[in-house]
Protein chains: 2
Amino acid sequence: MIERTARPIPLKKNEITDRTVGRLVAYRRLLQGLEEAGAALISSKMIGDMLGIKSSQVRKDLSYLGEFGKRGVGYSVPRLLNDLSSILAPFARWRIGLVGLGRLGEALLGHSAFRSDDYEIVAAFDVDGAKIGRSFAGWKCYSMTGISETIRELGISVLMITTPAAASQSAVDAALAGGHIKGILNFSPVSLTVPQGVEVNDVDISVELEKLLFRLKFNDQQRKVSAGLETNMVQ
Amino acid sequence: MIERTARPIPLKKNEITDRTVGRLVAYRRLLQGLEEAGAALISSKMIGDMLGIKSSQVRKDLSYLGEFGKRGVGYSVPRLLNDLSSILAPFARWRIGLVGLGRLGEALLGHSAFRSDDYEIVAAFDVDGAKIGRSFAGWKCYSMTGISETIRELGISVLMITTPAAASQSAVDAALAGGHIKGILNFSPVSLTVPQGVEVNDVDISVELEKLLFRLKFNDQQRKVSAGLETNMVQ
DNA sequence: CCATGTGAAGCCTTTCACAGCT
DNA sequence: AGCTGTGAAAGGCTTCACATGG
């Protein structure tokens, strides 16, 4: 993979939103494929169509970061990819610890989505004595006892939490004790309490499934109501 | 677990948003814990504090579905739990197929978040001949060949996609051929194209991680800038 | 003539603030 | 007095539409 240099984020607005960042990551991924395929130019319309987004949204997102396109022409694929990569690149490669070596944790260790120049998982943690000291998919499992020291020693500043709900808060409390953790990606279905200044991003898989299922239920009902098969009255 | 009856959704507004549904699921989960702990009453303020949400947001969400509380008192925990459960309950238990038995797929099969009265995973699918016919965490793996027939036979109407990016679209095309699939929870990092009427919810784990990391980078930069160690100029 | 970059409009979500009931 | 339910205000995000430049 080509090395890109990190640089300060030259924002035109004071704040760039999470939603925009999510799309920037998607643009980068799309452009990586296009570059490999040898594409030289791309328009905001094409990007939007491939990702299911309006072209104006693509242009707005990119405009927060500078002027990358040529009017009447479009964007240079390699140039835009390079600019997006350097904007998204960290100052130094993030070192991530995974807390909770259950099924999900183990799956994330080996997940292809977690191969990146921007970050690397450097260790896993679990309470299970049978796992401690062993390696999983190439990563060593450390004890939860002394986790904050291990975090300091290994230079970890980000955690992924895949512990069972009941264990998550106490695991986080122990891990944050040393003050080295800056951010948490939380897969456990609880709302974590953390000190001021620590960022948390929740990824709640069962909530995402339920959101989908509710839309489906609502669709079904609409279909039935409009077909006159059922009424929509309060019971 | 107590059986709750599904009922038509008696909406006060014409449309209930995804965001609200996500929070309703979180409220239900919280109330399950509270009920087990024997709590009888709860206020919107308490719910909000426990989930990191404003009390007005909690009341607004609940108000879309009816009037469940008593002014001056709060909400009855068992009553609210029951109402939320019946609102979220499907007409019939959703039958889900998992497509792609890699690490992530296998982790989801056994994931505790996927034990629910609302849905059940009934089968897994993969292209790997070594996996087909075998059982994984109790679920049988079927071939991708003939997937649309298997979907019909097993009464599957929802898919979870955990295939590698390059395989996802063709797997989805094959699976949707019979017209039985109504919704897809897509874990693969691609934007899927589906026929009109099929709902897709994307869960992009690496995007979620990158969103967190970008916030951290931005925080770092802000700290440096305000400490006068670095400027924020465009390169 | 084509596609970007961007104010302004439109839409959606959250928060406020208070009337209304217990 | 306390807490819900809810219009209205505020805030945030997306889309429009067009001036701008190639």
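In what follows, chains are A, B, ... by sequence order, proteins preceding strands, each numbered from 1.
- The separation between A:K60 atom NZ and C:dG7 atom C1' is 7 Å, rounded to whole Å.
- A:S85 places a side-chain N or O within donor-acceptor distance of the main-chain N or O of A:L81, the cut-off being under 3.5 Å.
- Rotation axes derived from the C1' atoms of the five outermost pairs at either end of the helix from C:dC1-D:dG22 to C:dT22-D:dA1 lie 0° apart, to the nearest 10°.
- With hydrogens and angles disregarded, a donor-acceptor distance shorter than 3.5 Å links the side chain of B:K217 to the backbone of A:A89.
- In this structure a side-chain-to-backbone donor-acceptor pair under 3.5 Å is present from A:R215 to B:V200.
- Between B:Y75 and D:dG5, a side-chain N or O to OP1/OP2 separation shorter than 4.0 Å is present.
- One interatomic measurement links the two molecules: CD of A:E67 to P of D:dG21, which rounds to 10 Å at whole-angstrom precision.
- When atom types are taken as modelled, the side chain of B:D18 and the backbone of B:G22 share no donor-acceptor pair closer than 3.5 angstrom.
- Between the P atom of C:dA3 and the CG atom of A:L80 lies a distance of 16 Å, rounded to the nearest Å.
- Residue A:T17 is in sugar-phosphate contact alone, with no base atom involved, counting any heavy-atom pair closer than 4.0 Å across all strands shown.
- Taking all atoms of both residues into account, the shortest heavy-atom contact from A:L104 to B:H111 is CD2-CE1, 4.0 Å.
- Between B:L62 atom CG and C:dT14 atom P there is a gap of 14 Å when expressed in whole angstrom units.
- In this structure, B:D202 contributes its side chain and B:D204 its backbone to no donor-acceptor pair below 3.5 Å.
- Between B:Y119 and A:S206, the shortest heavy-atom contact is OH-CB, 4.1 Å.
- At whole-Å resolution of the value, CG in A:D18 and C1' in D:dC13 are 13 Å apart.
- At a non-hydrogen distance threshold of 4.0 Å, A:K54, A:S56, A:Q57 from residues 45-57 of chain A come into contact with DNA chain D.
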Anything under 3.5 Å between a protein N or O and an N or O of nucleotides 20-22 of chain C, put it in a table, one pair a line.
from, atom 1, to, atom 2, distance (Å)
C:dG20, N3, B:R71, NH1, 3.3
C:dT22, O4', B:R71, O, 2.9

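- One atom, CG of A:D61, and another, C1' of D:dT14, lie 10 Å apart when rounded to the nearest Å.
- For the pair A:L65 CG and C:dT6 C1', the computed distance is 14 Å after rounding to whole Å.
- For B:R59, no side-chain nitrogen or oxygen approaches OP1 or OP2 of C:dT15 to under 4.0 Å.
- Remark: side-chain polar atoms of B:N82 are not paired, donor with acceptor, to backbone N or O of B:S86 under 3.5 angstrom.
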Could you pull out all donor-acceptor pairs under 3.5 Å where a side-chain atom in residues 156-165 of chain B meets a protein atom, sequence neighbours excluded?
from, atom 1, to, atom 2, distance (Å)
B:T162, OG1, B:V99, O, 3.2
B:T162, OG1, B:G100, O, 2.5
B:T163, OG1, B:S168, OG, 2.9

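- Remark: P of D:dG2 and CG of B:L41 are 16 Å apart, rounded to the nearest angstrom.
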- Does the pair B:R93 and B:S116 meet the rule for a side-chain hydrogen bond (donor to acceptor under 3.5 Å, both in side chains), with working shown? CA-CA 9 Å; B:R93 204 172 190 208; B:S116 166; over 6 Å; no
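- With sequence neighbours excluded, no residue satisfies side chain to side chain donor-acceptor pair (under 3.5 Å) with A:S170.
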Mind listing the side-chain donor-acceptor pairs of residues 172-184 of chain A below 3.5 Å, one per line with the distance, residues two or more places apart or on another chain?
from, atom 1, to, atom 2, distance (Å)
A:D173, OD1, A:Q169, NE2, 2.8
A:K182, NZ, B:D220, OD1, 3.4

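- Remark: B:S44 is not in phosphate contact with D:dC3, judged by side-chain N or O atoms under 4.0 Å from OP1 or OP2.
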